[in-house]
Structure formats: structure tokens, C-alpha cells
Amino acid sequence: MEEEIIAGKHSVTEALRSGRTINKIWIAENAQKHLTQPIIFEAKKLGVVIQQVDKRKLDQMAPGMQHQGVVAQAAPYAYAEVEDILQAAEAKGEAPFILLLDEIEDPHNLGSILRTADCTGVHGVIVPKRRSAQVTATVSKTSAGAAEYVPVARVTNLGQTIEELKEKGIWVVGTDVSASSEMYDTNVFDGPVAVVIGNEGKGMGRLIREKCDVLVKLPMKGQINSLNASVAAGVVMYEVLRRRRTQG
């Protein structure tokens, strides 16, 4: 597997702090010291090589990205197994709280979802290996470093994974604009739960929808009847967090 480029102050800092293997860091010669000093400090502690370079080299290494004058070369992203996610919940003494992403294709959406997942206590995210955004430098940057802390598992068959989760007593909740029940009217979020977020354009696939235990929709009062996938996911995640805090 190829080494991965990580760009931006937050992404590089969190990669260092999380124990990710960083091979080298490049810092722009004209980068603002208050942005780069904490990174240099962390890198030196770990013995990571640092090189000062012209900003144009960073532009070439991380094309189209807001690298803030900091780029790192890291070992490939280490995907988790579904079992790792379940064990993470067990280790915390918490009921599993999992996200299943059914063909989320935009890396910015995946990054935003990971950022909110970290904030709301999600134990892990599951994505299909095909027709789905994977964890890349863009995802890491958009997640503000959360990609280093929220386990992401890749599976060959999302439908089969849903069946396996259901066998373990986890309720699978699909988000669907055509659902009859609204999110606030269900008590399914109170226990072990896996929330399915569908594709940005077409939503959940038919087979995935049929495998869900419950389908819910977000209440809509405006003229537009849908939200951006990462925004919708965020609303649902915070509702799960609210229910869990209410339960204590």
C-alpha cells in the first residue's frame, strides 16, 4: 500500500498525537510560527524528520488542499474490523453506537461525518469497500483530525454486516425521507444502535432499506425536503447522544 499524504495543522497534529506512524513532515519556510511550533515540538519528541521547504512544493504534494504550510507523509490508514468497533463499545461499558454509510461518495461528507461522530461518542463507522469514499488526505483534513480517533471499518457486503449486527442484538435504523415515523417519535435510539446514512443523491439502496429494523425521517418544515448527508447524519447522531445523556 502507498504511503499517505496528510495536510493541514489539525490533521498532522492529531495524526502525531494518536500514534499514527509519520515518516516525514514538510513545513513551508514562510509558515506562521504559532501554527507550526506545536507540530515541530510533537515531531521532535517522536524523532520524526522535519524539512523546511518552499510553499510551492507543498502545493504540489497536496494539490487543491488547504495545507496551512504543513504536510506529512504517513503510513497507510489502518482500517479497523467490525469486531474492533464492538469491543471499543464494550471496553467503555456502553451500548454500541455505530454508523453505517451506504455509498457516501463525497470525501468532504465522510470527513464531516467522522468529525461529528467523534464529538457524539460514535464507537465506529462502517463503509463498503466499493462505491464509497475511503479515508484519504481530504477526509482527514475535513474531519479536523477526527479520522485518527474514530475507527472506520471497510466491509465487502454491507447487507451481510447488517445481518451480523442484528444477530448481536443491535437495532439497525435507516434514515429515509419517505419513512412514516419521525426521528423524535421513536425510542429505538435508547439501546444498542447502528444508524444507516444513505447516498447523497439516491439515499439508501433498496436491499439495505429492507434490512433495517426501523426507518425514520427528519421532520421537515421548509420547501426543501432533504438535508446534506453529513448534516442529516449530524442531526441523528446528536439525537442519539441526547437520548443517552437523558438516560444517564
Side-chain angles (χ1 to χ4, degrees), residues 10-11 14 80 82 85-86 88-127 132-133 135 139-153 158 162 165 169-200 203-204 208-209 212-222 224-248:
H10 290 296
S11 297
E14 298 306 335
V82 175
I85 294 172
L86 297 173
E90 186 178 354
K92 292 180 178 179
E94 298 171 351
F97 177 14
I98 300 168
L99 283 190
L100 297 161
L101 306 184
D102 185 19
E103 298 185 16
I104 292 291
E105 296 172 325
D106 186 338
H108 294 94
N109 277 336
L110 177 55
S112 295
I113 287 170
L114 290 175
R115 186 172 186 172
T116 309
D118 181 57
C119 293
T120 54
V122 171
H123 297 111
V125 175
I126 300 173
V127 301
S132 173
V135 181
V139 170
S140 179
K141 181 76 169 65
T142 309
S143 78
E148 304 299 331
Y149 297 106
V150 181
V152 179
L158 199 61
I162 287 175
L165 292 174
I170 297 171
W171 281 78
V172 179
V173 183
T175 51
D176 193 317
V177 292
S178 62
S180 56
S181 298
E182 288 192 351
M183 178 181 68
Y184 298 122
D185 299 330
T186 178
N187 62 1
V188 74
F189 294 139
D190 297 350
V193 66
V195 177
V196 185
I197 305 295
N199 173 270
E200 291 93 345
M204 287 187 296
I208 299 300
R209 185 185 294 109
C212 293
D213 293 307
V214 181
L215 295 176
V216 298
K217 64 182 177 182
L218 274 62
M220 296 287 171
K221 296 195 70 172
I224 299 171
N225 71 346
S226 66
L227 291 171
N228 167 278
S230 64
V231 174
V235 173
V236 178
M237 283 186 266
Y238 266 100
E239 177 60 9
V240 176
L241 176 61
R242 186 188 72 83
R243 298 288 184 94
R244 293 188 170 207
R245 290 186 68 172
T246 301
Q247 286 185 319

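Values reported hereafter were calculated over all heavy atoms of this structure, with side chains retained and with hydrogens, waters and symmetry mates removed. The structure presented is a predicted model; accordingly, all values stated were derived computationally and were not measured.
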Is any side-chain heavy atom of [X] closer than 4.5 Å to a side-chain heavy atom of [Y]?
X	Y	answer
Val173	Val236	no
Met204	Cys212	yes
Val188	Asp213	no
Val127	Ser132	yes

- [ ] Among residues two or more places apart or on two chains, list those pairs meeting salt bridge (Lys or Arg N to Asp or Glu O under 4.0 Å) that have a residue in residues 94-114.
- [x] Glu103-Arg131, Glu103-Lys202
Quick one: closest heavy-atom pair of [X] and [Y], and the distance?
X	Y	value
Ile170	Val193	CG2-C, 3.7 Å
Gly198	Ala229	O-CB, 4.4 Å
Ser140	Ala147	CA-CB, 4.2 Å

Is there a donor-acceptor pair under 3.5 Å between the side chain of [X] and the backbone N or O of [Y]?
X	Y	answer
His123	Ile98	no
Arg244	Ala95	yes
Thr186	Met183	no

Inter-residue atom distance [X].[atom1] - [Y].[atom2], 0.5 Å rounding:
X	Y	atom1	atom2	answer
Trp171	Asn187	CH2	CG	8.5 Å
Phe97	Arg243	CZ	CZ	11.5 Å
Ile208	Ile162	CD1	CD1	4.0 Å
Leu218	Asp176	CG	CG	11.5 Å

Task: Residues Val82, Leu165; criterion side chain to side chain contact (heavy atoms under 4.5 Å, CB included); working and verdict - done: CA-CA 9 Å; Val82 175; Leu165 292 174; 4.2 Å; yes
Task: Criterion side chain to side chain contact (heavy atoms under 4.5 Å, CB included) against Ile126, the qualifying member of Leu99, Leu101, Leu158 - done: Leu158
Could you give the side-chain donor-acceptor pairs of residues 109-121 under 3.5 Å, partners two or more places apart or in another chain?
from   : atom 1 : to     : atom 2 : distance (Å)
Asn109 : OD1    : Asn228 : ND2    : 3.3
Asn109 : OD1    : Ser230 : OG     : 3.3
Asn109 : ND2    : Glu200 : OE2    : 3.1
Ser112 : OG     : His108 : O      : 3.0
Thr116 : OG1    : Ser112 : O      : 3.2
Thr120 : OG1    : Thr116 : O      : 2.9
Thr120 : OG1    : Ala117 : O      : 3.4

